[in-house]
Amino acid sequence: MKEDMPPNSTYEQLGRFVPNNSSGGGNSLYLSEAPPLPLNPWDVVLCVSGTIISCENAIVVAIIFYTPAFRTPMFLLIGSLATADLLAGLGLIFHFAFVYCIQSQVVNLITLGLLVCSFTASVGSLLTITIDRYLSLYNALTYYSERTVTRTYIMLIVTWGISISFGLLPVMGWNCLKDNSSCSIVKPLTKNNLVILSISFFMVFAMMLQLYVQICKIVCRHAQQIALQRHFLATSHYVTTRKGISTLAVILGTFASCWLPFAIYCLLGDYTYPALYTYVTVLPATYNSMINPVIYAFRNQEIQKVLWTICCGCISSAMPFRSRSPSDV
């Protein structure tokens, strides 16, 4: 059963990041007359998550930006992912601050656009990293070439171009501020807008799944060839293959478990559903931006060396970096 909310609820007054639960229109969007809003614990949780996300990814962005050795395609893609997640974390913080302090429709739309852009770029960057990993294995002999650099820049331009376009849609007028019946579970995004975003996510997920299946096949084939050439035991080949496949399963499983609930609910829910359902599904999606630095950056040995150098100076900053395949990251 859907829960009813009082007429002057947070969701009615703001037309904000979460849905309202009233089917009526009214003049609740005139914010100049709105009284101070009660603090929503869910918004506090999202703000705390945004703070953690921002701190983690700011470290990754700073390391990649200030380390000349990280000017390679692999680290550019990781930097793109960290930048997108950093903007997502800042968007969650700004959303909380603006909702409870400024209470402006225009600012709310800009913040929502930032969140849509950053999370879209985050998912897109994960796809580009997966493509890069696949090509590094499939075309290992030609991977370290000028074509790889060009391809990387093209993927980044396309990813961020699409993400910015999606983020500008609510700001440019594709929102439901004037037509409450067209709202989605994420107000003021329209239902059609959110459906397009959800379908795009499922397309990205399907592509990533297919690419990781192909990567698993290549990993198994390479492990078997190495085992035969070096006369390894069958158990050694099994352990190596299982480790590689387990890593890929963790990466894909984490991505799916974080984003699938929200993507499915975007297709099934509407603006009359309780706000609790949106919070419960959107919170794990934000956790993906919290986990990404651990999976794609902090596990990398070169980044670990820089972190140790910064934290305790126990590793020389002049230590040479070993070029690694993206599939190892």
Side-chain angles (χ1 to χ4, degrees), residues 16-18 39-71 74-102 107-108 110-126 128-129 156 159-160 163-164 167 250-251 254-255 257-259 262 279-315 317 321 329:
R16 34 176 304 202
F17 177 62
V18 296
L39 189 63
N40 189 324
W42 287 98
D43 286 333
V44 176
V45 174
L46 285 174
C47 183
V48 172
S49 298
T51 304
I52 298 174
I53 291 169
S54 299
C55 293
E56 283 182 325
N57 288 281
I59 294 173
V60 178
V61 171
I63 289 175
I64 294 177
F65 182 81
Y66 287 106
T67 307
F70 293 160
R71 301 293 190 270
M74 173 182 67
F75 287 107
L76 287 177
L77 296 176
I78 295 176
S80 172
L81 175 63
T83 301
D85 289 333
L86 172 60
L87 293 176
L90 292 176
L92 292 173
I93 297 173
F94 292 157
H95 167 73
F96 179 85
F98 293 153
V99 161
Y100 292 99
C101 298
I102 298 180
V107 174
N108 184 55
I110 293 175
T111 306
L112 178 64
L114 174 62
L115 288 169
V116 171
C117 172
S118 56
F119 280 120
T120 303
S122 177
V123 173
S125 296
L126 290 174
T128 60
I129 291 175
L156 290 176
T159 297
W160 282 96
S163 302
I164 293 173
V250 169
I251 293 173
T254 300
F255 176 69
S257 60
C258 288
W259 275 105
F262 181 65
Y279 278 120
V280 170
T281 54
V282 79
L283 192 59
T286 65
Y287 288 162
N288 188 66
S289 296
M290 194 183 301
I291 299 172
N292 283 338
V294 178
I295 295 178
Y296 295 95
F298 297 143
R299 289 175 59 249
N300 181 273
Q301 291 184 2
E302 282 74 34
I303 292 180
Q304 290 177 4
K305 292 176 183 178
V306 175
L307 283 174
W308 279 110
T309 302
I310 295 173
C311 293
C312 58
C314 38
I315 297 180
S317 59
F321 290 94
V329 180

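- For Ser122, the side-chain hydrogen bond (donor to acceptor under 3.5 Å, both in side chains) partners at least two apart in sequence or on another chain are Asp85.
- Between Ser54 and Ile93 there is a side-chain heavy-atom pair separated by less than 4.5 Å.
- A distance of 10.5 Å separates CZ of Phe65 from OG1 of Thr83, quoted to the nearest 0.5 Å.
- Atom SG of Cys47 is separated from atom CD1 of Ile52 by 10.5 Å, given to the nearest 0.5 angstrom.
- Shortest non-hydrogen contact noted between Ala82 and Val60 is CB-CG1, 3.7 Å.
- Side-chain contact between Phe75 and Asn300 is present, with at least one heavy-atom pair separated by less than 4.5 Å.
- The side chain to side chain contact (heavy atoms under 4.5 Å, CB included) test applied to Thr120 returns Val116, Ser163, Phe166, Leu197, not counting sequence neighbours.
- Summarising the geometry of Ile291 relative to Cys258, their closest heavy-atom pair is CD1-SG, 4.3 Å, with the distance given to 0.1 Å.
- Taking CD1 of Ile64 as the start and CE of Met74 as the end, the distance is 9.0 Å to the nearest 0.5 Å.
- Counting all heavy atoms, side chain and backbone alike, Ser118 lies closest to Ala84 at CB-O, 3.4 Å.
- From Ile303, atom CD1 reaches atom CG of Leu307 across 7.5 Å, with rounding to the nearest 0.5 Å.
- Side-chain contact check for Phe96 versus Asn40: every heavy-atom pair is 4.5 Å or farther apart.
- The CD1 atom of Ile164 sits 11.0 Å away from the CG atom of Leu114 when rounded to the nearest 0.5 Å.
- Of all heavy-atom pairs spanning Thr111 and Gly91, the tightest one is CG2-O, 3.6 Å.
- In this structure, CG on Leu156 lies 11.0 Å from CG on Leu81, to the nearest 0.5 angstrom.
- The shortest distance between side-chain heavy atoms of Phe255 and Asn292 does not fall below 4.5 Å.
- Shown here are the side chain to side chain contact (heavy atoms under 4.5 Å, CB included) partners of Ser257, two or more places apart in sequence or in another chain: there are none.
- In this structure Val294 satisfies the side chain to side chain contact (heavy atoms under 4.5 Å, CB included) test together with Glu56, Phe298, sequence neighbours excluded.
- Taking the side chain as every heavy atom from C-beta outward, Tyr296 and Leu126 approach each other to under 4.5 Å.
- For the side chain to side chain contact (heavy atoms under 4.5 Å, CB included) test, residues two or more places apart in sequence or in another chain that qualify with Leu283 are Trp42, Val45, Leu46, Ser49, Thr286, Tyr287.
- Scanning both residues, Phe70 and Glu302, for their nearest heavy atoms gives CE2-CB, 3.6 Å.
- Within the 4.5 Å cutoff, the side chain of Pro293 has no heavy atoms near those of the Ile59 side chain.
- Shown here are the side-chain hydrogen bond (donor to acceptor under 3.5 Å, both in side chains) partners of Ser125, two or more places apart in sequence or in another chain: Ser80.
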